[in-house]
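Structure first, commentary second.
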Amino acid sequence: MSVHHLNCGSLRPVGGFGGKMAPTRVVCHVLVVERADGLLLVDTGFGTADIAEPTRLGRPFVAGMRPKLDVEESAISQLKALGYAASDVRDIALTHMDLDHAGGIGDFPQAQVHVDVVELDAARNPKLSERSRYRKVQWSHGPEFVTHQSGGDDWFGFSGVKALGDDVLLIPLRGHSRGHSGVAVRDGDRWLLHAGDSYFFHGEVETPARTAPGLTGFQTLMAADNRARKENQERLRSLVADHPEVVLFSAHDEVEFSRLS
Ligand SMILES: [Zn+2]
């Protein structure tokens with residue numbers, strides 16, 4: 001099995017998330033996993049329709065996060081450059097359905113989209129405070145969603161894990177959004193864990209943890225459940241310290257992306 005790491009959306013948030021202890025350049029880290037029955041994507045970044053029509057993302061997001069919106073960065077363009085067609089993507093697993101993660105699903109209309117049932121419900125029935133993060137237009141083409149309830153398995157101390165085949169796991173990592181999850185992919189004798197937006201800066205999962213107040217403030221503001229977010233961030237920090245066989249990365253950290261890609 002081989003895995004590619006793609007950046008499917010560069011962002012330049014105003015203020016850089018708060019200085020030196022925070023990323024200034026921000027990526028949208030997408031995994032492409034070659035499996036026996038086709039490709040699996042983990043997250044999708046922005047789609048070609050978002051890039052053609054940025055109002056789909058909402059003006060506050062575009063003004064505050066300043067996405068590059070370059071069609072060359074879309075997952076579909078990068079997959080074509082690798083010699084694949086859209087129809088080669090059989091499955092997409094989403095860490096959550098925020099607009100910078102779910103935008104690309106429209107470029108792969110025949111793929112099954114795997115998502116935690118709690119997250120799909122949040123995206124379809126957002127509270128007032130959630131309305132700007134989820135953009136229904138990104139799934140107005142009617143993709144085939146496959147929802148997953150947290151399962152009964154444990155994985156390195158994380159509970160409620162649900163297997164999507166032998167080699168891919170959906171791991172509840174609540175906090176950033178209501179049904180936020182990590183996606184673990186087996187890669188030989190190690191695991192890659194895409195932790196979505198459980199943290200934003202690699203220093204947050206180092207020991208001792210380091211971060212910038214501005215970045216903590218941003219994550220607190222965005223969190224659906226801030227206590228769960230902080231607990232899960234601490235769990236991930238312990239995972240990194242105790243288990244070198246797990247390679248952890250977040251969706252937006254450019255340093256982690258450069259290390260892996
Ligand atoms: Zn995000």
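In this chain, numbering begins with 1 at the start of the sequence shown. Below, all heavy atoms of this structure are taken into account, side chains as well, without hydrogens, waters or symmetry copies. Counting starts at 1 for both ligands and their atoms, in listed order.
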Next item on the list: Evaluate whether atom CD of E234 has more than 12 neighbouring non-hydrogen atoms of other residues, nucleotides or ligands under 6.0 angstrom away.
Entry: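 Yes, CD of E234 has more than 12 neighbouring heavy atoms, counting only those of other groups under 6.0 Å.
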Item checked: Atom CG of D166 with >12 non-hydrogen neighbours under 6.0 angstrom ->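 Not more than 12 within 6.0 Å, no.
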Note to self: Can you confirm whether V33 sits close enough to V168 that some side-chain heavy atom of one is under 4.5 Å from a side-chain heavy atom of the other?
What the structure shows: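 With C-beta onward as the side chain, the pair stays apart.
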Note to self: I'd like to check E130 versus R178 (side-chain heavy atoms, cut-off strictly below 4.5 Å). Are they in contact?
What the structure shows: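 Answer yes - side chains close enough.
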Check: What is the number of protein N, O or S atoms that sit under 2.8 Å away from the Zn ion (ligand 1)?
Finding: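 Of the protein's nitrogen, oxygen and sulfur atoms, 4 lie under 2.8 Å from the Zn ion (ligand 1).
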Item checked: From CG (L120) to NE2 (H114), nearest 0.5 Å ->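 Those atoms lie 13.0 Å apart.
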Next item on the list: Can you sort out the partners of H141 under side chain to side chain donor-acceptor pair (under 3.5 Å), two or more places apart, ordered by chain and number?
Entry: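 Result, side chain to side chain donor-acceptor pair (under 3.5 Å) vs H141: none returned.
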